[in-house]
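The structure appears right after this line, and notes come after that.
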Number of protein chains: 2
Amino acid sequence: MIGLGAISDTDGVDPHLLRSFVAVARRRSFSAAARELGFTQSAVSQQVAALEADLGAVLLNRRPVTPTRAGARLLDHAVPLLLRLDAARADVARLAAPPSARVVVGASPLAVTALGPALADVRREHPDLVVTVRVLGRSALIREVATAAVDVGLADGAVAPSDSLPLPDAGPLRAVGVLERPLAVLLPPRHPLAGRAGLRLADLAAAGWIDAPDTAVPLGRLRTAAGAEGYRASVRYEGTDVGGLVALVGAGHGLAVLPDPTGAALSGVTAVPVTEPRLVHRVEAVHSPTLAGVPAALAAALTG
Amino acid sequence: MIGLGAISDTDGVDPHLLRSFVAVARRRSFSAAARELGFTQSAVSQQVAALEADLGAVLLNRRPVTPTRAGARLLDHAVPLLLRLDAARADVARLAAPPSARVVVGASPLAVTALGPALADVRREHPDLVVTVRVLGRSALIREVATAAVDVGLADGAVAPSDSLPLPDAGPLRAVGVLERPLAVLLPPRHPLAGRAGLRLADLAAAGWIDAPDTAVPLGRLRTAAGAEGYRASVRYEGTDVGGLVALVGAGHGLAVLPDPTGAALSGVTAVPVTEPRLVHRVEAVHSPTLAGVPAALAAALTG
DNA sequence: CCAAGTTACGAGTCACGTAAGGATT
DNA sequence: AATCCTTACGTGACTCGTAACTTGG
C-alpha cells in the first residue's frame, strides 16, 4: 500500500490546514489570508475545502466569509492547538541551542515588583548581562513563555494561600511561587468605606468596578471567589500600566482589587485589605523545565 | 513555487510523525510501533528520522530504544497535543452527528453521588433511555470528555469554596459546579485523633497516608493546600473504588482525605472534618459546549 | 461586470513499501 | 545467526501554482 491519503483516520486534524483556516477566518477573506500565508488564493481555497472534506462539515460561509457553527467551534480548538505545536518545537529547540547570555523576562504588571532582589543578584553575578523586562498581559505571558520568546515569566493572580495559580496550559511548564501578598480593594479617597480596616468582597458586589483583566484581579475571578454575582464593570481598562488604573480609581470611575502594599504610587487612592474570602495575591515564576544558563540562574534566584 | 517541502517553518511539528514517535517511545521498539501503527518498520524509522531532522535533535537512542533528553521533553508535549488534536475532530464531528438517545456519563469515584436526583429527572423524562455510567480516574475523565467518548463528565477535587476545579485543559470545555461538601480525614477507629470534632491538615503532615490519586484527594494537593511538606505515602492505591480505600484506612494502612459524609460505607473508619485550610470537596460537570439532545438535558439538570 | 472564490490541470515533492545493508547481541 | 534499525530506490499520491471558470453584489 502506498501513500494512504486520508491523514484523518489516525491523526486529529492537519495543522497545516488548520493554520490556513484560522487565517481565513481571522481576515474574513481567502485572498487576504493567502497573502498573509504566502500562498495563492487558490491554494488556500483548496486547503479549506480539504479541511471541510476531512471533517465532513462546512466550516465557513463564503461571501461574506463567516465561520459556521462548526467553524467557530474548530477555531476555539485551533488557536491553543497551534500554540502548543509551536511550543513543542521551541522547547526541543532550546535543548539543542547554546546557552545565551541574553535574558528576557516577561511579567504581568503586578508581578514586576517581584523581580527586585533576585534580578539584582543575577546582575551582580553577571555584570555585562543585558536583561530585557517585558510587561505583558496574562494570556500573552504564557504564550511567550511557551514559545521561548521570553525565558522566564512572572505571572500573578488571586488564589487561596499557597495554592498555585490556574495557568492556561500551553505545555509542561514549571511554575513556582515567588511572592504572596494580601489583597486590597482600591477605593477613591472619599469613598464611604475608605476608613475601614478590612473589607469583605461580597459587600462590594453591587459597587461599580473597573475591569482591568490584564492589570488588576479580573472581575470574573472576584465573582467565582466570592461565589456571588455582581461586580459589574463601569470601565474597561486595557492597558498594562498600574499607575493609569490607580488614577482611574482615584477619579472615582470604579474600584479595583490589587495586592495590598501596591508599592510606590498610591497617591489619590486608599487601599483597604480584603478579609473575606481569604485570598492572596500570588506571583509565580513560569519557565520551561529545559531552561539553562543565565536564565535558569535567574529563575532559581527568583524562587530561592 | 511548488511543493514547499519543509512543513517545519510554518507549522509546529508534524503530528503524524509525532504519533509514530510516541508509539516508538512507548513500546521501546521501532518494529513493535510499526505493527501497532500499521506501517512497515522501515516507514517508522524514516518517520522518526524525519522528525529528528526537522527538530535538529536526536530524540531516541537506539538499541535499546530510549528517549534522549530532547525526546523526553517532546513526549511531554506530544501526549496532550495529540489528545487535543483528536478532541478538535471529535468536537466538530459531534456538531454534524445526529443527536443520539444514548448517554454516557463519566465520573470520578467521589463524584458519582452527585448524579442522584438529576439522573432520576432525566430518566423520568426519557423512560426508555439507556444511561451508561463509567467510573474513571481524573486524567482519563477529561480525555474521554474531550474526545466525546463520554458525553458528560463529573470531576471532583479539593478547592477553596466556590473556586473552580483546576482541570487539565484538553480544549474548550464547559465546567460548572454541581456540589460542594466539606472535607474530612478518614481515620482508623482507634486513631488518637479519632474523637476530635475537627482537624487541621497541617497537624497530620507527619502521619502515614494512602496515596489514592484517582480516588481520594491526591497527596500533592494536600501539600500545596497546606503549604507544607510531608504527607508521605505508605500505600499507593490505584483502584477507583472508594470502598476498597476505606477498608485500607480501616485496617490502619494510612489516612486519606475525602468529602465528609462519604455516604453509605463508613464502616470501620471515622471521618473527622478538616477545618484548616478552608477547602471544600467540589464536583463539577464537564462537557463540550456543543452538547445537544438528551446529554445536554442531563447536563442542565445536573447544574440546575 | 468586477471582485472573490472554485475547479481543472500539470509539475514537483513526498511518503510510503520493497529490498538490501549494517550493527549489535 | 538472528534481530533490529537504517539506507537505497521506485511508485503512487498529494499539494501547490497557473489559468480558466463561476457566482454574487
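Chain letters run A, B, ... following the sequence lines, proteins first and then strands; every chain starts at 1. Just so it is clear, the model here is predicted, and its values are computed rather than measured.
Between B:L37 atom CG and C:dG17 atom P there is a gap of 11 Å when expressed in whole angstrom units. One can place CZ of B:F39 at 5 Å from P of C:dC16, the figure rounded to the nearest angstrom. Straight-line distance from the CZ atom of A:R19 to the P atom of D:dC16: 14 Å, rounded to whole Å. Taking atom CG of residue B:D14 and atom P of nucleotide C:dA15, one finds them 7 Å apart after rounding to whole Å. For A:F21 and C:dG5, the CZ to C1' distance is 16 Å, given to the nearest whole Å. Distance B:L51 CG to C:dA15 P: 12 Å, rounded to the nearest Å. Whole-Å rounding puts the A:N61 CG to C:dA4 P distance at 18 Å.
Partners of B:A149 according to the side-chain contact (heavy atoms from CB on, under 4.5 Å) rule, which considers only residues two or more places apart in sequence or in another chain, are B:E144, B:T147. Residues passing the ring pair (Phe, Tyr, Trp, His ring centres under 6.0 Å) test with B:Y237, sequence neighbours excluded: none. With sequence neighbours left out, A:A301 forms a side-chain contact (heavy atoms from CB on, under 4.5 Å) with A:A118, A:V122. In this structure A:D211 satisfies the salt bridge (Lys or Arg N to Asp or Glu O under 4.0 Å) test together with A:R236, sequence neighbours excluded. The salt bridge (Lys or Arg N to Asp or Glu O under 4.0 Å) test applied to A:R62 returns A:E52, not counting sequence neighbours. For A:A297, there are no side-chain contact (heavy atoms from CB on, under 4.5 Å) partners, not counting sequence neighbours. Every residue meeting the salt bridge (Lys or Arg N to Asp or Glu O under 4.0 Å) condition with B:R221, not counting sequence neighbours, appears here in chain and number order: A:D163.
Across all strands, B:Q47 comes closer than 4.0 Å only to sugar-phosphate atoms, never to a base (heavy-atom distances). Here B:V65 lies in heavy-atom contact (under 4.0 Å) with sugar-phosphate atoms only.
Contact annotation: side chain of A:S42 to base of C:dT6, donor-acceptor pair absent below 3.5 Å. Between the base of D:dT18 and the side chain of A:T40 there is no donor-acceptor pair shorter than 3.5 Å.
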Nucleotide N/O of nucleotides 22-25 of chain D paired with protein N/O under 3.5 Å:
| residue | atom | partner | partner atom | Å |
| --- | --- | --- | --- | --- |
| D:dT23 | O2 | A:R63 | NH2 | 2.8 |

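With contacts defined as side-chain heavy-atom distances shorter than 4.5 Å, the pair B:L167/B:V286 qualifies.
Taking side-chain N and O atoms only, A:H16 has a distance below 4.0 Å to OP1 or OP2 of D:dC16.
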Taking distance alone, no hydrogens or angles, what donor-acceptor pairs closer than 3.5 Å link side-chain atoms of residues 32-43 of chain B to residues at least two apart or in another chain?
| residue | atom | partner | partner atom | Å |
| --- | --- | --- | --- | --- |
| B:E36 | OE1 | B:R27 | NH1 | 2.4 |
| B:T40 | OG1 | B:A43 | N | 3.2 |
| B:S42 | OG | B:Q46 | NE2 | 3.0 |

Listing, residues 76-85 of chain B side-chain donor-acceptor contacts under 3.5 Å, not counting sequence neighbours, or none:
| residue | atom | partner | partner atom | Å |
| --- | --- | --- | --- | --- |
| B:D76 | OD2 | B:R73 | NH1 | 2.7 |
| B:H77 | NE2 | A:D91 | OD2 | 2.7 |
| B:R84 | NH1 | B:D169 | OD2 | 3.1 |

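Not a single donor-acceptor pair under 3.5 Å links the side chain of B:S108 to the backbone N or O of B:L136.
Between its opening and closing five pairs, the helix from C:dC1-D:dG25 to C:dT25-D:dA1 changes axis direction by 30°, a value rounded to 10 degrees.
With C:dG5, D:dA8, C:dT7 as the candidates, the nucleotide lying closest to the side chain of B:Q46 is D:dA8.
Position along DNA chain D of the nearest nucleotide to A:A50 versus B:A43 favours B:A43 as the more 5'-ward residue.
Non-hydrogen atoms lying under 4.0 Å from DNA chain C are contributed by A:S29, A:F30, A:S31, all within residues 25-35 of chain A.
Remark: A:R223 CZ is packed, more than 12 non-hydrogen atoms of other residues, nucleotides or ligands lying under 6.0 Å away.
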